[in-house]
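All remarks here apply to the structure that follows.
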Amino acid sequence: MKALVAIKRVVDYNIQVRVKADGSDVDIEGVKMGVNPFDENAIEEAIRLKEKGIVSEIVAVTIGSAANQDILRHALAMGADRAMLVETQETLHSLGVAKVLKAVVEREQPTLILLGKQAIDDDAGQTGQMLAALLKLPQATYASQITIEGSQATVVREIDGGTETLAISLPAVITADLRLNEPRYVKLPNLMMARKKPLENVPLDSLNVSLTHNVQQLNVATPPARPAGVMVKDVNELLSKLRTHEGIIA
Amino acid sequence: MRTLIIAEHDGQHLNEQVARAVTAAQQWQQPVDILVAAAQPDTLAAQAAAIQGVSNVLVASDAALQHPTAEHLAEIIVPLAANYTVVLAAHSAFSKNVLPRVAALLDVNMISDVLQIVSANTYVRGIYAGNVLATVQSSDSKQVLTVRGSKFAAAAKDGAAAEIKSVATPAAPAGSRWVTEAFNKSKRPPLAAAKVVVSGGRALGSAEAFAEVLAPLADKLHAAIGASRAAVDAGYAPNDLQVGQTGVVVAPELYIAVGISGAIQHAYGMKDSKVVVAINQDPEAQIFKIADYGLVADLFEAVPQLTAAL
Ligand SMILES: Cc1cc2nc3c(=O)[nH]c(=O)nc-3n(C[C@H](O)[C@H](O)[C@H](O)COP(=O)(O)OP(=O)(O)OC[C@H]3O[C@@H](n4cnc5c(N)ncnc54)[C@H](O)[C@@H]3O)c2cc1C
């Protein structure tokens, strides 16, 4: 079966982004970028399913400017077979992304559609569910284990208080949680080999998706810092602070 | 027009966050209804009807709703949405699974994990692991959103009983089937609602240390136990105890971080706590920057001392 993995280029998770002086947006000029960590779990899972002989072809897709080719190369170096960049300068929110991905799914006809459960920049966590809705397909979000037998996937999902297991019929949309797997490191020779793998540029216009831009970001701000705390010298001082200053423990 | 709240419950009790969503919903100054979708909805509907500020409780009843799928709930909610301009729920693993599906079927955007409702279509929410607050506006005809429960007080539960009405309940769609669930049973208060949270990090080193060092402190404080991702990944604590960007967001009266470095992804989940205490042996640890009280110490000495002194 064919697997489609949708990935996003985001600011590296180690970097604490700054707000531009005019508050219009975050300042990510020159900041280190990479594949959204959850999407890396999605790629890794597709590769493992291919190694098990379940998946036969892995297509990685992203949406954005030409700069996004680097994460597609990364996906190819990890083990994806080919990649597609839906090229646009527009900023899309989750619904727009889901609509574009729907057009890609209709073109590619994958059996398995994998995404990360959320992107660590906008933290919205919507795209997979929206894509499943638009395609009228089953969804399994926050996957920490995926087992595929025939045309059915059994997915263990991380939910509040524990886990839930769903059986969904394929094709379906599955979103990856971090504990799904440990993504492999990309070695230099793999990166070299990835250059030879096909990477297709598809202009967004050619997909005939009608997009609206109903969500505007009006401004951004740095949250108020917590007031500076104090260091206590030992457990007794800590207890007396909590009892007398805060009155929160008996 | 009206506002619809999607109620989360465990079959017997409404989640305490529902009453917080009701408070958030009052911002639109229009009637607020609650949807209870359940296999045995009667007691749940009565609980929802008693929340102050609720007009109608809509009841969807079907045996399959014992373990509802997002697909089924979306098919119930989407037709109802015709009568509503706002559809919301408290942000949780439940609502964030269902509402994006609903929004897409309605062809509208969704705003996740709203911290503040500025006006009828303008919201403040965290981005970049809560390091940045974004004000966003949606010009969609329907507003679909989840709200951060801890940012809204719970509505009182002594309201004049709202009217309870049943609604059409389409059958569960084929293609998706609940198989099983595994809840980590614990007599402690639920993490998201606890007044005190004691969290352990990688430094605990084992599940035994969670049980022998952290648990006695949590017992004395009637606290929930939390964990960092490193502790969960290492198997010291179950996944549902993870506090942070990709775990649970907590805002207790007291948060005690033990052997946790304070990575931004962890801080995201706890920095709205009223009082933060950090115990860490590294004086340079990030966690001290967000702690009200910091103690540089070996946790294996300090925590038992603290427990003994309580
Ligand atoms: C996409 C993404 C999402 C993430 N989401 C989350 C999330 O939701 N929640 C989360 O927590 N993390 C999350 N992380 C991981 C996060 O970046 C950190 O790696 C993690 O929080 C570190 O856990 P820790 O503080 O327990 O471990 P460490 O960073 O290893 O810190 C251990 C601390 O213990 C101290 N210590 C060691 N021994 C002792 C001792 N004997 N006594 C006292 N102190 C001691 C050390 O000084 C150190 O500060 C995420 C990461 C990514 C990339």
Side-chain angles (χ1 to χ4, degrees), chain A residues 11 13 16-17 19 26 93-95 98 118 120-126 129-130 132-134 137-139 141-142 144 154 158-169 177-179 214-223 226 229-232 234-236 238-239 241-242 246 248-249, chain B residues 69-71 74 92-94 96-97 100-101 103-105 109-110 112-113 122 126-140 175-184 192 221 233 239-240 245-246 248 253-254 264 271 275 277 290-296 302 305-306 309-310:
Chain A
V11 172
Y13 74 92
Q16 193 146 357
V17 295
V19 165
V26 292
H93 291 276
S94 308
L95 181 63
Q118 83 191 61
I120 61 164
D121 50 3
D122 63 22
D123 283 329
Q126 303 170 356
Q129 298 89 307
M130 287 184 158
L134 297 177
L137 290 180
Q139 70 183 53
T141 50
Y142 326 135
S144 60
T154 305
E158 295 203 355
I159 57 170
D160 296 340
T163 60
E164 176 187 72
T165 305
L166 291 181
I168 54 174
S169 54
D177 214 320
L178 292 175
R179 275 176 284 277
N214 290 352
V215 178
Q216 302 289 335
Q217 179 173 287
L218 302 184
N219 60 65
V220 296
T222 307
R226 286 186 71 92
V230 295
M231 300 303 286
V232 293
D234 56 23
V235 163
N236 289 336
L238 174 61
L239 270 175
K241 293 279 189 203
L242 291 179
E246 305 289 350
I248 39 176
I249 57 173
Chain B
T69 60
E71 293 84 332
S92 69
F94 164 79
K96 68 189 187 186
N97 184 41
R101 189 164 182 114
L105 292 173
N109 291 277
M110 178 184 157
S112 293
D113 206 6
T122 307
I127 57 175
Y128 290 95
N131 281 300
V132 177
L133 297 177
T135 304
V136 294
Q137 191 166 65
S138 162
S139 56
D140 279 323
S176 180
R177 185 170 52 84
W178 179 90
V179 178
T180 183
E181 65 196 3
F183 286 116
N184 299 307
L221 293 167
D233 282 359
N239 67 283
D240 57 296
Q245 183 184 21
T246 52
V248 184
E253 304 273 301
L254 175 61
I264 54 172
K271 67 183 174 192
V275 175
V277 170
I290 48 172
D292 299 281
Y293 300 103
L295 175 60
V296 178
Q305 273 176 28
L306 186 58
L310 282 166

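Letters A, B, ... mirror the listed sequences (proteins, then strands); counts begin at 1.
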Heavy-atom side-chain proximity of [X] to [Y] below 4.5 angstrom:
X      : Y      : value
A:Y13  : B:I264 : no
A:H93  : A:Q126 : no
A:Y142 : B:K96  : yes
B:V275 : B:E253 : no
B:F94  : A:D160 : no
B:D240 : B:V248 : no

Atom group of [X] that falls short of 4.5 Å from chain A, counting heavy atoms:
X      : answer
B:E71  : side chain
B:L310 : both
B:A291 : backbone

Greatest number of heavy atom pairs closer than 4.5 Å to chain A - which of [options]:
options                        : result
B:A302, B:S176, B:A134, B:P100 : B:P100
B:D233, B:D140, B:N239, B:L254 : B:N239
B:G175, B:A309, B:S138         : B:G175
B:V136, B:L221, B:T180, B:L105 : B:T180
B:I290, B:L133, B:D292, B:T69  : B:L133
B:A104, B:G126, B:A70          : B:A104

Excluding sequence neighbours, so at least two apart, what forms side chain to side chain contact (heavy atoms under 4.5 Å, CB included) with A:V17? A:V11, A:V26, A:I28, B:Y128, B:V132
For B:D113, which residues count as a salt bridge (charged side-chain N to carboxylate O under 4.0 Å, His left out) partner, sequence neighbours excluded? B:R148
Proximity breakdown for [X] and chain B, heavy-atom pairs closer than 4.5 Å:
X      : answer
A:L166 : both
A:V19  : side chain
A:L137 : backbone
A:A221 : both

Out of curiosity, A:T165 OG1 to B:E181 CD, how far, rounded to the nearest 0.5 Å? 9.0 Å
Quick one: of [options], who has the most non-hydrogen atom pairs under 4.5 Å with chain B?
options                        : value
A:L242, A:N236, A:D177         : A:L242
A:A167, A:S94, A:A98           : A:A167
A:R226, A:M231, A:Q129         : A:R226
A:N214, A:I159, A:T222         : A:N214
A:L238, A:D234, A:V220, A:T163 : A:T163

Assess the side chains of B:N97 and A:Q139: does a donor N or O sit below 3.5 Å from an acceptor N or O? yes
Can you name the closest pair of heavy atoms from A:D123 and B:G130 and give their distance? OD2-N, 4.3 Å
